[in-house]
Number of protein chains: 4
Amino acid sequence: METRGYTSPLREEAAARTRERVLLAAAELFAEGGYARTSVAAIARAAGVAVNTVYTSVGGKSALLLAMVDDGVADEAVRATTAALTSATSAAEVLRLVARGTSVTRDRRELTLSVLLDNRDAHPDVAEAARVAEAEVRARFAEAADRMLELGGLREGVGGEELRRALWFYFGFPAWRVVRAEGLSWGDGAVWLCGQASDSLLAR
Amino acid sequence: METRGYTSPLREEAAARTRERVLLAAAELFAEGGYARTSVAAIARAAGVAVNTVYTSVGGKSALLLAMVDDGVADEAVRATTAALTSATSAAEVLRLVARGTSVTRDRRELTLSVLLDNRDAHPDVAEAARVAEAEVRARFAEAADRMLELGGLREGVGGEELRRALWFYFGFPAWRVVRAEGLSWGDGAVWLCGQASDSLLAR
Amino acid sequence: METRGYTSPLREEAAARTRERVLLAAAELFAEGGYARTSVAAIARAAGVAVNTVYTSVGGKSALLLAMVDDGVADEAVRATTAALTSATSAAEVLRLVARGTSVTRDRRELTLSVLLDNRDAHPDVAEAARVAEAEVRARFAEAADRMLELGGLREGVGGEELRRALWFYFGFPAWRVVRAEGLSWGDGAVWLCGQASDSLLAR
Amino acid sequence: METRGYTSPLREEAAARTRERVLLAAAELFAEGGYARTSVAAIARAAGVAVNTVYTSVGGKSALLLAMVDDGVADEAVRATTAALTSATSAAEVLRLVARGTSVTRDRRELTLSVLLDNRDAHPDVAEAARVAEAEVRARFAEAADRMLELGGLREGVGGEELRRALWFYFGFPAWRVVRAEGLSWGDGAVWLCGQASDSLLAR
DNA sequence: CATGAATGAGAGTTCATTCAT
DNA sequence: TATGAATGAACTCTCATTCAT
């Protein structure tokens with residue numbers, strides 16, 4: 001079984017580029033024409049690769065969605081926000097970090113998120129990917145909630161369960177959808193949502 | 001749509017029943033599995049008719065959506081509300097009529113509306129049908145707005161354009177979606193929405 | 001649900017002819033090139049129909065095998081033999097009937113049987129169809145065995161279990177395969193197998 | 001196939017081990033799931049190598065079959081038997097040697113042989129490999145036949161042509177298949193087949 | 001020698017739709 | 001009016017194979 005740790009950096013990089021091209025093309029076409037109506041052949045054409053390169057580089061049609069979600073989860077902004085939580089000094093700062101973090105992610109992952117939200121009721125594959133994405137975001141929010149409880153300064157009677165639900169309410173997918181629907185910029189939306197959340201959750 | 005007087009009434013009635021069975025089956029399956037993933041064959045099976053009867057009785061797949069919309073538009077509740085407008089004696093009463101009318105329609109057409117709203121971003125056929133449905137509702141709201149302007153009693157500075165937009169905001173598809181999301185009954189939703197609209201539109 | 005018993009004999013007959021053409025083409029191609037290597041497209045081409053007519057008239061690829069088996073089971077010769085059993089007057093006559101019946105079936109269904117036997121070890125679909133076919137034949141043999149026991153005249157100590165196994169041994173698929181391998185005609189094979197079986201099973 | 005004396009022995013040995021692993025995995029999967037339904041990727045996975053190593057170490061899919069046959073031909077037991085023929089002192093001993101030799105080979109190459117025999121009617125690649133294997137065995141039998149004629153002691157009137165055909169009949173693939181079907185051990189089968197052959201071929 | 005990436009060809013299957021009846 | 005049969009087009013996905021490394 002002795003696998004040689006044989007890694008060619010050039011090939012690896014080229015493969016990563018291919019993968020990214022495929023994912024980007026898929027996100028654009030899914031967003032434009034809907035998940036069900038977008039064929040793998042169309043994605044391959046848009047990405048400039050053979051149909052089966054989609055399969056070898058990412059996987060089947062549903063794997064494309066999950067790969068998008070994974071990429072979003074692994075986004076640097078997410079990790080940076082998570083890391084910054086540890087050095088936060090107040091619950092208010094945590095809220096600001098979450099607001100900015102979700103704002104940035106929303107901006108960078110707009111395509112993916114619109115695919116997930118627009119198609120989740122219309123196709124089980126998308127519903128599943130959306131479920132995964134939501135679970136990931138909720139997990140991050142749970143970390144933030146824990147940190148807030150550690151730091152204190154919350155309105156009286158606010159417990160862990162409630163805090164996690166509130167974070168999802170103020171910074172989860174539906175909240176940002178409202179921001180977009182209202183025509184606010186992501187930055188203004190962050191300020192507004194952070195204000196609402198602070199009013200509701202922090203001690204006066 | 002007017003029926004010819006000298007057609008066999010029995011056959012006509014049977015045909016109408018067939019059509020209704022097909023439409024109901026289609027609405028249920030579309031709502032359950034999504035528009036794109038529901039095949040005409042599945043609809044025919046659920047309706048207990050041959051595949052082609054779907055075509056002869058209603059039309060192709062996209063025609064099913066438009067037929068649902070047409071049926072909703074032709075709903076008795078809509079006509080009753082429209083008729084009642086002419087005998088309304090105040091703008092406040094018009095708002096109450098609109099609130100009750102949209103509430104009833106929402107209740108009776110829930111299946112169709114969830115299909116339209118859940119799938120409009122995922123499939124052009126649905127988007128088109130949703131557009132038609134929205135235009136129909138907006139047209140009814142325009143009538144109501146005209147009647148309100150005739151009756152007077154509006155807050156100062158409220159013109160036709162603004163009034164029509166406000167009616168859509170308070171009683172259109174998204175508003176009722178919020179009602180459902182908040183867990184209110186259709187009746188309570190009607191009261192709440194009517195209150196919001198009255199505060200905003202009527203002179204004190 | 002009220003299905004009209006609407007049957008057009010012309011259409012029905014045409015459909016049956018189509019089905020037969022498809023099945024015959026499939027049997028020939030399967031026998032010639034093997035089950036796995038024969039594509040549905042090739043079958044359709046050989047039958048002079050569209051690819052999907054194969055699906056609408058018979059079913060998928062594996063359904064073709066099962067349909068062949070079903071047709072074999074429903075073969076007139078099988079029914080005739082089964083019917084003749086009731087008027088048989090001795091166990092020896094039953095053996096002669098079975099020998100002649102299996103001989104005739106073997107002749108008429110040679111194509112199907114060679115497909116089943118040549119491909120059963122190479123593909124699970126064929127294995128399944130062969131299993132079904134074998135079960136059917138064994139069921140017929142069980143009837144013959146029951147009749148023989150009723151009529152008596154068997155060698156001492158021969159019971160039902162043993163009799164059924166022996167009938168399969170002398171007249172089942174492998175036996176007739178040997179007949180073919182030895183270069184005997186089906187008729188001569190029937191005589192020979194019947195002789196062997198009589199020696200072994202009947203009282204002197 | 002002769003190896004160059006100055007190639008790195010270590011690398012060569014590693015390559016040989018890889019080749020063996022691939023061939024063994026292929027034989028097992030072919031026997032288990034059939035030739036046509038076994039993919040090169042599955043073989044590579046089972047062998048713990050990359051897909052392409054299958055190609056570089058052995059060759060394409062059909063080459064795998066031929067390589068198995070070659071390995072069987074090159075088996076030490078075969079060479080030993082062939083060598084022993086020269087020192088045999090009677091036709092009876094030759095028969096014993098052939099019986100023992102084919103028995104041992106049958107035991108050691110069971111996997112390969114079942115692949116060849118179970119799939120030869122279902123796939124041309126296998127048919128070709130089986131043909132090659134059969135030709136090889138027949139060639140060995142021809143040598144044995146020649147030796148028997150040299151040594152004498154054959155039944156009157158038995159010539160070369162007939163002798164070669166008889167050896168295939170008594171010790172070829174179908175004969176051993178019957179042995180297996182009858183549930184005999186390879187050793188008992190050898191004794192039985194040798195007895196049959198002796199009765200038929202040797203002078204009393 | 002062995003590898004990961006990429007490919008072209010083709011598979012089985014499902015779909016919405018139309019035709020003659 | 002409603003039907004069963006048949007179709008052409010498209011789909012996702014798997015396959016054996018080759019290339020640069």
(request) State which residues pass salt bridge (Lys or Arg N to Asp or Glu O under 4.0 Å) with A:D70; sequence neighbours excluded, sorted by chain then number. (result) none
(request) State whether the side chain of A:T38 and the backbone N or O of A:G33 hold a donor-acceptor pair below 3.5 Å, judged by distance alone. (result) no
(request) May I have the distance from C:R21 (atom CZ) to F:dA6 (atom P), rounded to whole angstrom? (result) 9 Å
(message) My understanding is that only residues two or more places apart in sequence, or in another chain, count here; which of them pass side chain to side chain donor-acceptor pair (under 3.5 Å) with A:D118?
(response) A:R177
(request) List for me each residue that meets salt bridge (Lys or Arg N to Asp or Glu O under 4.0 Å) alongside C:R37, sequence neighbours excluded, and say none if there are none. (result) none
(request) Return each pair, listed once, that meets ring-ring contact (aromatic ring centres under 6.0 Å, His included) where at least one residue sits in residues 24-47 of chain C; pairs must be two or more places apart or across chains. (result) C:F30-C:Y35, C:Y35-C:H123
(request) Kindly state each residue pair satisfying side-chain hydrogen bond (donor to acceptor under 3.5 Å, both in side chains) with at least one member in residues 54-63 of chain C, sequence neighbours excluded. (result) none
(request) Examine F:dA6: is either OP1 or OP2 under 4.0 Å from a nitrogen or oxygen in the side chain of C:T18? Give yes or no. (result) yes
Could you give the side-chain donor-acceptor pairs of residues 126-133 of chain B under 3.5 Å, partners two or more places apart or in another chain?
residue: B:E128; atom: OE1; partner: B:R131; partner atom: NE; Å: 3.3
residue: B:E128; atom: OE2; partner: B:R131; partner atom: NH2; Å: 3.4

(message) Rounded to whole Å, please give me the gap between NE2 in A:H123 and P in F:dC11.
(response) 13 Å
(request) Using the test side chain to side chain contact (heavy atoms under 4.5 Å, CB included), find all partners of D:A63 that sit at least two apart in sequence or belong to another chain. (result) none
(request) Return one dot-bracket line describing DNA chain F 5' to 3' (Watson-Crick or G-U wobble pairs, both distances under 3.5 Å; ( ) same strand, [ ] crossing, | another strand, . none). (result) .||||||||||||||||||||
(message) Expressed as a whole number of angstroms, how long is the span from B:R45:CZ to F:dG4:C1'?
(response) 15 Å
(request) Return the value, rounded to whole Å, for the distance between atom CG of A:L29 and atom P of F:dC11. (result) 12 Å
(message) One character per nucleotide, please: for nucleotides 9-16 of chain E, 5' to 3', B when the base has a protein heavy atom closer than 4.0 Å, S when only the sugar-phosphate does, - otherwise.
(response) B-SSBBBS
